[in-house]
Amino acid sequence: MAQHRIAVIRGDGIGPEVIEEALKALAAAEQRFGLSLAYAEFPWGSDYYFKHGRMMDADALDELAGFDTILFGAVGHPDIQDHVTLNGLLLPMRRGFDQYVCHRPSVLYAGVESPLRGKEAGDIDMVVVRENTEGEYANVGGFQYAGFPDEVALQTAVFTRRGIERVVRYAFELARARNGKKRVASITKSNAQGYGMVLWDRVFDEVAAGYPDIETESLLVDAACMNFIRRPESFDVVVASNLFGDILTDIAAIVTGSMGLAASGNINPERRFPSTFEPVHGSAPDIVGRGIANPCAAAFSAAMMMRHLGETEAADAIDTAVRSVLRDGAALTPDLGGKATTTQVGDAIAAGVGG
Ligand code: NAD
Ligand code: IPM
Ligand code: MN
């Protein structure tokens, strides 16, 4: 039996609360399917920063490199500037492990109400494939005349042919493999951003030519935001730059019911480095410590992680268990209109995984 080595970074805010429940689901799957999951916990995040002046160890990526996958909660603390927390932990991991695909499914599940009128379960079923290592998030820029009245800040987006090509190809392969509408939508803003996004459009068209079986559309990001709300059922696979993918996946999460349902994988498809699985949501300081965070996104992320590890039965069992908790409706957190606690939902999921 293969052993899977999993690094766990619970992080800040509701991160530890939801990861606890994801780990329960994994433990139930481990027992039911006779798996061997070896965990190592890393206490990184804002508390670590308050003690050590950094979000994670200086050689953190070396420490993590030997793991098969990483399960991550969230980081972000009201008393630390977000660019410090996020550039101190999550973003270096995405870049350093070349996790160039951010794979973010959004499904309207049975038992969950969309804020959009007239949407039934299954009507919305899409995956946003977000470029995850470059674009607007390339850590390139600087300050000039810092602190002076004429201070200047430069923030440079970096788009490379290689970077675009590989993520677009992933999107097309996914559309082919999915039992969906066989459609890929590409999102840019090439009417205003005349270099990087123009390259993106060109590379998208070149890659698309190799997939005549897949229907395509190219949308400007403002229109895409509108259409995620106006006609979300028309999307199958969506491929977008780093920043646009970030924004679109919050919209996709909320039109399918809650931030607390949206799962995500930061993936290095070649498996040269570990991939990181995490909910789309953040540390949610507004609800931390109240025991009401929805753990479903973390559990769905754990299911994605098991699928990545080749443990299809375990992945399916976790996925099915979360879906049936949602369908059943007896244990739902307040974001979904229920009264259950994080722990009660996690226990219901784990019981379902146990079979
Ligand atoms: P957020 O996702 O933390 O919260 C947005 C809203 O959704 C809040 O009202 C919150 O209560 C609700 N929400 C989020 N997750 C929920 C859950 N599981 N169950 C129920 N409700 C949930 O976004 P934000 O408020 O913009 O950011 C808070 C902090 O998190 C910031 O510091 C931000 O930088 C950070 N952040 C981190 C990550 C990450 O680590 N991956 C992602 C997003 C934001
Ligand atoms: C996400 C988050 C991060 C991002 C932030 C916290 C840097 O919003 O994972 O969606 O923008 O990628
Ligand atoms: Mn985001």
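Sequence positions, counted from 1, serve as the residue numbers for this chain. Being a predicted model, the structure only gives us computed values, none of them experimental. One-based numbering, in listed order, for ligands and for the atoms of each.
Protein heavy atom nearest atom 1 (C) of ligand 2, with residue, atom name and distance: R104 NH2, 3.3 Å. Nearest protein heavy-atom contact of atom 10 (O) of ligand 2 is D246 OD1, 2.8 Å. Ranking protein heavy atoms by distance to atom 5 (C) of ligand 2, first place goes to L86 CG, 4.0 Å.
Using a non-hydrogen distance threshold of 4.0 Å, H83 does not register as a contact of ligand 2.
Near Y137, meaning under 4.0 Å from one of its heavy atoms, ligand 2 places the atoms 4 (C), 11 (O), 12 (O). The contact set between ligand 2 and R130, taken as ligand atoms under 4.0 Å from a residue heavy atom, comprises 1 (C), 4 (C), 9 (O), 10 (O), 11 (O), 12 (O). If you number the atoms of ligand 2 from 1 as listed, the ones under 4.0 Å from a heavy atom of R94 come out as 1 (C), 4 (C), 9 (O), 12 (O).
Protein residues lining ligand 1, listed by chain and number: I14, F72, A74, V75, G76, D82, L86, L90, M259, G260, E278, V280, H281, G282, S283, A284, P285, D286, I287, A293, N294, D335 [non-hydrogen atoms, distance under 4.0 Å].
Judged by the 6.0 Å distance and 45° axis criteria, R176 is not positioned over the aromatic ring of Y211. Figure legend: R5 and F67 shown as a cation-pi pair, the cationic atom lying under 6.0 angstrom from the six-membered ring centre and within 45 degrees of its axis.
Through direct or indirect side-chain contacts shorter than 4.5 Å among Ile, Leu, Val, Met, Phe, Trp and Tyr, V158 is connected to V140. When hydrophobic side chains of Ile, Leu, Val, Met, Phe, Trp and Tyr are connected at separations under 4.5 Å, V280 ends up clustered with M259.
N132 places no side-chain N or O within 3.5 Å of a backbone atom of Y100 that could act as its donor or acceptor partner. In terms of modelled atom types and a separation under 3.5 Å, the side chain of E131 and the main chain of I164 share no donor-acceptor contact. Distance alone, capped at 3.5 Å, places no donor-acceptor pair between the N227 side chain and the R231 backbone. When atom types are taken as modelled, the side chain of K182 and the backbone of R178 share a donor-acceptor pair closer than 3.5 angstrom. A donor-acceptor pair is defined here as one N or O able to donate and one able to accept, closer than 3.5 Å; no such pair exists between the side chain of Q99 and the backbone of N268.
Ring pair F172/F204: centre-to-centre distance below 6.0 Å. Separation of the H77 and F50 ring centroids falls under the 6.0 Å cut-off. Between F277 and F72, the distance separating the two ring centers is not shorter than 6.0 angstrom.
A 4.5 Å side-chain heavy-atom check between P105 and M304 finds at least one atom pair inside the cut-off.
Protein N, O or S atom count below 2.8 Å of the Mn ion (ligand 3): the structure gives 1.
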